[in-house]
Amino acid sequence: MFEYGILPPAMFIGMIIFMMYGFPVAFSLASVGLLFGVIGIATGHFSELFLQALPLRVFGILSNDLLLAIPFFTFMGAILERCGLAEDLLEGTGKLFGGMPGGLAYAVIVVGAILGAITGTVAASVITMGMISLPIMLRYGYDPKLATGVIAASGTITQLIPPSLVLVVLADQLGRSVGDMYLGAIGPSILQVLIFIGFIAVLSMIKPGTMPPLPNEARGELGWPLISKILAGMLPSIVLILLVLGTIFMGLATPTEAGALGVVGAIALAAMHRRLTWPLIEEAMRSTMSITSMVVMILVGSTCFSLVFQGMDGSLWIEHMLSGIPGGAIGFLIFVNIFIFFLAFFLDFFEIAFIVIPLLAPVAQNLGIDLIWFGVLICVNMQTSFMHPPFGFALFYLRSIASSDVKTKDIYLGAIPWLCMQLLLVGIIIFWPESVTMWLDQGPKIDASQIKIEIPAFGGNTGPTQPNFGLPSIGSEGTGPNFGTPGAVPPITPPDLIQPPVIK
C-alpha cells in the first residue's frame, strides 16, 4: 500500500474530502493538485521546475482539436431536441406498437435509442420521453415502477450509442481514435437494446396486466397517415446520424468536422419542419456553452491533479497495486468495474473519465488489454451512474417531471431491474470481447518479434557481398576490402585537386 510513500494515497483522500465538503469537482482537483505540488517540492519529490509542465498541459487542452467535437455534437443534439422531432417519433411509434401488451414500453426503448443517437444527452432523452410517454402509460394502466424504469433506462442508452460525448472523452483520455471507439460501441449498443426488449417481451407474457395494450380509440387509424408521420420524424434524423457517423467511419472527416456537418444538418432539419427560431438557437447555444465549459474546467483541474500525482510516483503506486490482483487480466477487469460502479455513486461520468481512466489505462495496456475494448467496457459501466442513488441523475430528471401521484419509491425500485441488465451487459462484454472487436477494422497484423533487419557484411565470405557501384574492385573479387591482411589493399592515388576537372 505504501511502497511509494504515503503521499499518493493521501492525494486521493484529500480529493474525496474536498468533494464531500461541497467544492465543485474541477476546483477540488486543481486545489488538491496545487496543494500537494507545494508539499512535493518541500519534501524533495520534485523541483519547482517540474510544475513548468502545467501551463503547457493546459495549453494542450485548449488547443486540442478533438475536444471541439464536444460542443458541435452537443449543439446538434440541443437543436434536434428542441425542434419537436422527438414528440413526433414518440407519438407515432406509440400508436404503432400500442396494440400489443407492452407496446408503449417497446416504443420508448426504440425511440430512446434513436434519441440517443440524435441528442447525445441523457437529460434530453429522459425528460422528453418522460413528459410525453409517462402520463399516457400511467393513464392506460401501466405499473408505475415499470413505466418509470423503462423511461429512465432507455434514456441512459444515450451514453453508449454513437455519437456519444462520453466516447469522445474516453478516446481522448485513452489516446485512441474516436472512429474506432464509435465502431466498438455498435455491438454493445445493439445488445443493450435487445436485452431491454427481451425483458419487456418476457414480462409481458408473465405479467401482462402490468403493461396492457392501448384501446383502439387511443390508437386511432393505423393507415398510411400514421406511417408517413413516423417516417417523417424518423428518416431525416437517421439519415443525418448515418451521414455524420459514415464520414467518420470512412475516414472522410474527423470527428470535429463531422460534428460541424451535423450542426448544419440539424439546423436544416429544424428549418424543414418550420421550427427554426432564434429563441431555439439561443437556448441551444446556452446549453452547449454550459456543458462545454464544465468539461474543459474539469479537464484542466484533472490535469493539474494528474501531473502532481505522477510526480509523487502515483502512477507507479496504482500500477503496483492493481497488477498484483489475483486472476490476471480478468481479475483486474472485475476489480476495475466494481470500483467504477461504486465510484459512480459519487462522481459524474465526465469526472470518472478525467480522473480515473488516465490512471487505469497504463495498467490495462501492460496486461495486454485492448484499449478500445476497455474504453467501451468502461462506458457501459458508467451508464449505471444515472440509475442508482445518491446521484442517479436519470431518476432525478424523471422525478422533476413526474406528477405527484408517482412515488419516489416507485422510481427508485423501478430502476433496479434495468440496472441489473446494464451490469449483465458488462459481464457479457468481459467474457465475449468479440461483441466489441468484431466491428473494428481487423487489418493485417505485423508481429514485431518476427521482423529481421540484415546489414550487409563488409568483410569475410559469410555475409552478403558489398555492392559494386561501378568502381574498380578492391581486394578479393566480389568482397569488400580485406582489412585483416596488411598490404592486401593497393594504395589509392588521390586526384589532383589543383588541376581543374577535364570535361569530355
Side-chain angles (χ1 to χ4, degrees), residues 86-116 125-158 161 189-231 233-234 383 387 394-395 398 401-403 405-407 409-425 428:
E87 287 84 346
D88 295 342
L89 276 175
L90 277 169
E91 182 181 355
T93 311
K95 291 181 178 180
L96 185 65
F97 292 106
M100 63 180 75
L104 287 178
Y106 291 128
V108 166
I109 294 171
V110 172
V111 174
I114 297 174
L115 287 181
S125 298
V126 173
I127 291 174
T128 301
M129 292 191 298
M131 292 181 66
I132 299 171
S133 300
L134 185 58
I136 299 175
M137 297 173 83
L138 296 177
R139 185 186 309 147
Y140 291 105
Y142 270 67
D143 184 273
K145 292 190 286 294
L146 173 65
T148 55
V150 69
I151 291 173
S154 299
T156 61
I157 302 178
T158 301
I161 295 181
S189 301
I190 297 173
L191 284 175
Q192 186 76 90
V193 173
L194 292 178
I195 290 172
F196 287 173
I197 291 177
F199 174 74
I200 293 296
V202 173
L203 198 62
S204 65
M205 293 185 289
I206 298 175
K207 296 181 177 180
T210 60
M211 51 183 83
L214 288 179
N216 292 332
E217 59 271 16
R219 296 175 61 197
E221 295 294 331
L222 301 180
W224 174 247
L226 176 61
I227 296 176
S228 62
K229 183 177 182 179
I230 296 174
L231 293 178
M234 187 178 296
Q383 285 186 108
M387 293 292 290
L395 309 181
L398 203 54
I401 55 94
S403 64
D405 297 334
V406 180
K407 298 178 181 178
K409 181 182 71 173
D410 290 337
I411 294 177
Y412 280 93
L413 290 177
I416 293 176
W418 306 91
L419 180 63
C420 294
M421 283 183 273
Q422 291 174 336
L423 295 177
L424 173 63
L425 181 60
I428 291 175

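As the structure is a prediction and not an experimental result, all values here were calculated from the model.
- Shown here for Gly141 and Pro212, the closest heavy-atom pair between the two residues is O-CD, 3.6 Å.
- A 4.5 Å side-chain heavy-atom check between Met100 and Pro213 finds every atom pair outside the cut-off.
- Taking each heavy atom of Ser204 and Tyr106 in turn, the nearest pair found is OG-OH, 4.1 Å.
- For Phe196, the ring-ring contact (aromatic ring centres under 6.0 Å, His included) partners two or more places apart in sequence, or in a different chain, are Trp418.
- In this structure, Val193 and Ala113 approach most closely via the heavy-atom pair CG2-CB, 4.0 Å.
- For the atom pair Gln383 CD and Met421 CE, the distance stands at 11.5 Å (nearest 0.5 Å).
- The nearest pair of heavy atoms linking Gly414 to Pro417 is O-CD, 3.4 Å.
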Distance-only donor-acceptor pairs under 3.5 Å for side chains of residues 142-152, two or more places apart:
{"from": "Tyr142", "atom 1": "OH", "to": "Gly103", "atom 2": "N", "distance (Å)": "3.4"}
{"from": "Tyr142", "atom 1": "OH", "to": "Leu104", "atom 2": "N", "distance (Å)": "3.2"}
{"from": "Asp143", "atom 1": "OD1", "to": "Lys145", "atom 2": "N", "distance (Å)": "2.9"}
{"from": "Asp143", "atom 1": "OD1", "to": "Leu146", "atom 2": "N", "distance (Å)": "3.3"}
{"from": "Thr148", "atom 1": "OG1", "to": "Pro144", "atom 2": "O", "distance (Å)": "2.8"}
{"from": "Thr148", "atom 1": "OG1", "to": "Lys145", "atom 2": "O", "distance (Å)": "3.3"}

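- Environment of CE in Met131: sparse, with no more than 12 heavy atoms of neighbouring residues, nucleotides or ligands closer than 6.0 Å.
- Rounding to the nearest 0.5 Å places CG of Leu134 at 6.0 Å from CG of Leu398.
- Rounded to the nearest 0.5 angstrom, Leu423 CG and Cys420 SG are separated by 6.5 Å.
- Pro135 approaches Gly130 most closely through the heavy-atom pair CD-O, 3.4 Å.
- Each of Val202, Leu203, Ile195 was scored for a side chain to side chain contact (heavy atoms under 4.5 Å, CB included) with Phe199, with one residue passing: Leu203.
- Annotation: the span from Leu395 atom CG to Leu419 atom CG amounts to 9.0 Å, rounded to 0.5 Å.
- Partners of Thr156 by side-chain hydrogen bond (donor to acceptor under 3.5 Å, both in side chains), not counting sequence neighbours, listed by chain and number: Gln422.
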